[in-house]
There are 2 protein chains.
Amino acid sequence: MQEKLSARLHRQLQTDSQLSLSDFAVLVCLTDVPEESLRVSQIATALEWEKSRVSHQITRMERRGLVERVDCPNDGRSAFVNLTACGRKAIEAAAPQHVETVRTVFLDHLTREQLETLEAIATKVIDHLDAEGS
Amino acid sequence: MQEKLSARLHRQLQTDSQLSLSDFAVLVCLTDVPEESLRVSQIATALEWEKSRVSHQITRMERRGLVERVDCPNDGRSAFVNLTACGRKAIEAAAPQHVETVRTVFLDHLTREQLETLEAIATKVIDHLDAEGS
DNA sequence: TCGACTTAGGTGATGTGTCAACTATTTCTG
DNA sequence: CAGAAATAGTTGACACATCACCTAAGTCGA
């Protein structure tokens, strides 16, 4: 189910908005903060991605003009990732349709009880995975 | 949950047996038939993978000696994929530990009811995805 | 203040997955 | 039977993920 769902959501986002789920995830992070700017490590923490994964992803997104890297003046090691106008436009255009798709291919098929059970499962399994140190 | 689970299972399989989940899936297909041999398209159907994905995967596995390609005498277009001794050894070594990991990181945390609910959810969602033709 | 350690991030190799285009071989049909 | 269409599989380009390793910059104790 999970593989088919991801594939379906990925295809929808890609077709309708030329964004991947990874692009979308990063853009959501950035739009979630008022400055529309985060350091690489903050994105990594938020998404639970490796820093190298974030770095590669940002490189690709920068190439397409969705975000831009800006050196941090306080700390010469860090780099800020800023949302560009193009990136903001992209996610604003993509989000409503994406949310709608999540509903129609997934949420709408679940009863409230089923959703609650799934949430309980996920919480339990994730807690255990996190506890054992991955 | 799903991402963390896949990551965890992948890491276990990779670390303990030098196999990826994809390798494992292909090997399972092959060991499931008495001849230990399938055509590319049969693997694609069984795993619901694109034929191109299968082809790439087989190329990589062939390079490592897990499987081998054999031309089909009846149909010049087809190719058989055969399990090698090395491949059989690999999956026999990997399977018990992998199954055990699936239990300890996932199944053991679910009650019978939760498992049944999850199954119902998956069936419903998958049926719908399949029905809409993608 | 000097050197060890840590932290932030980037890079290249390799494996993985998708798409579009391609070759070669049936197979079907007029 | 000739040519169109379907089928089997491969390939190359690119996006994505992980790993191991690297650099540069800050931090901190002797």
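Note: hydrogens, waters and symmetry copies are ignored here, and every other heavy atom, side chains too, is used. Residue numbers begin at 1 in each chain, while the letters A, B, ... track the order of the sequences.
The side chain of B:Arg60 has C:dG17 as its nearest neighbour among D:dG9, C:dG17, C:dG10. For B:Gln57, counting side-chain heavy atoms from C-beta on, the closest listed nucleotide (C:dT16, C:dC19, D:dT10) is C:dT16. When distances are taken from the side chain of A:Ser52 to each of D:dC19, D:dC16, D:dG9, the shortest belongs to D:dC19. Counting only heavy atoms from C-beta on, B:Ser22 has its side chain closest to C:dT16 among C:dT16, C:dG9, D:dA8.
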Enumerate the protein-to-nucleotides 3-7 of chain D contacts in which both atoms are nitrogen or oxygen and the separation is below 3.5 Å.
{"unit_1": "D:dT7", "atom_1": "O2", "unit_2": "B:Arg77", "atom_2": "NH1", "d": "3.0"}

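Side-chain nitrogen and oxygen atoms of A:Ser20 include at least one within less than 4.0 Å of the OP1 or OP2 phosphate oxygen of D:dC16. OP1 and OP2 of C:dA8 both lie 4.0 Å or more from every side-chain N or O belonging to A:Ser78.
Taking atom CD on A:Gln18 and atom P on C:dC19, their separation rounds to 14 Å, with Å as the unit. The separation between A:Trp49 atom CH2 and C:dA8 atom P is 19 Å, rounded to whole Å. For the pair A:Leu13 CG and D:dC16 P, the interatomic distance rounds to 11 Å; values are reported in whole Å. Rounding to whole angstrom units, CD1 of residue A:Ile58 and P of C:dG9 are separated by 11 Å. Atom CG in B:Leu21 sits about 16 Å away from atom C1' in D:dC16, given to the nearest Å. Taking atom CD of A:Glu62 as the reference point, atom C1' of D:dA15 lies 17 Å away to the nearest angstrom. Going from atom CG of A:Asp71 over to atom C1' of D:dA24 covers 12 Å, rounded to whole Å. If you measure from atom CG of A:Asp23 to atom P of D:dA17, you get 10 Å, rounded to the nearest angstrom.
For residues 26-38 of chain A, the set of pairs meeting the side-chain hydrogen bond (donor to acceptor under 3.5 Å, both in side chains) definition, not counting sequence neighbours, comprises A:Glu36-A:Arg88, A:Ser37-A:Asn82.
With hydrogens and angles ignored, a donor-acceptor pair closer than 3.5 Å exists between the side chain of A:His56 and the base of C:dG12.
Annotation: side chain of A:Lys4 is in contact with side chain of B:Glu48 (closest heavy-atom distance under 4.5 Å). Counting only heavy atoms from C-beta outward, the side chains of A:Lys51 and A:Ser55 never approach each other to under 4.5 Å. With contacts defined as side-chain heavy-atom distances shorter than 4.5 Å, the pair A:Arg8/A:Thr101 qualifies.
B:Ala90 and B:Leu19 get closest at one heavy-atom pair: O-CD1, 4.1 Å.
One side chain, A:Ser6 or A:Gln2, offers a donor N or O that lies under 3.5 Å from an acceptor on the other. Side-chain contact, B:Arg69 with B:Thr59: a donor N or O sits under 3.5 Å from an acceptor N or O. Side-chain atoms of A:Arg11 and A:Gln14 include no donor-acceptor pair closer than 3.5 Å.
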Is there a side-chain hydrogen bond (donor to acceptor under 3.5 Å, both in side chains) between B:Glu113 and B:Thr117? Walk through the geometry before answering. CA-CA 6 Å; B:Glu113 285 74 31; B:Thr117 300; over 6 Å; no
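Contacts of B:Arg69 with the nucleic acid, taken as non-hydrogen atoms under 4.0 Å apart, involve only primed sugar atoms and P, OP1 or OP2.
When the nearest nucleotides of DNA chain D are assigned to A:Pro73 and A:Glu50 by heavy-atom distance, the more 5′-ward of the two goes with A:Glu50. Of the residues near DNA chain D, A:His10 and A:Asp75, the one whose nearest nucleotide (by heavy atom distance) lies more toward the 5' end is A:His10. When each of B:Arg63 and B:Lys51 is assigned the nucleotide of DNA chain C with its nearest heavy atom, B:Arg63 is the one assigned upstream, toward the 5' end.
Each end of the helix from C:dT1-D:dA30 to C:dG30-D:dC1 gets its own axis, taken as the rotation carrying the C1' atoms of four end pairs onto the next four within a five-pair window, and the two axes meet at 0° to the nearest 10 degrees.
With respect to B:Asp23 and B:Arg64, a salt bridge is recorded, a charged nitrogen being found less than 4.0 Å from a carboxylate O.
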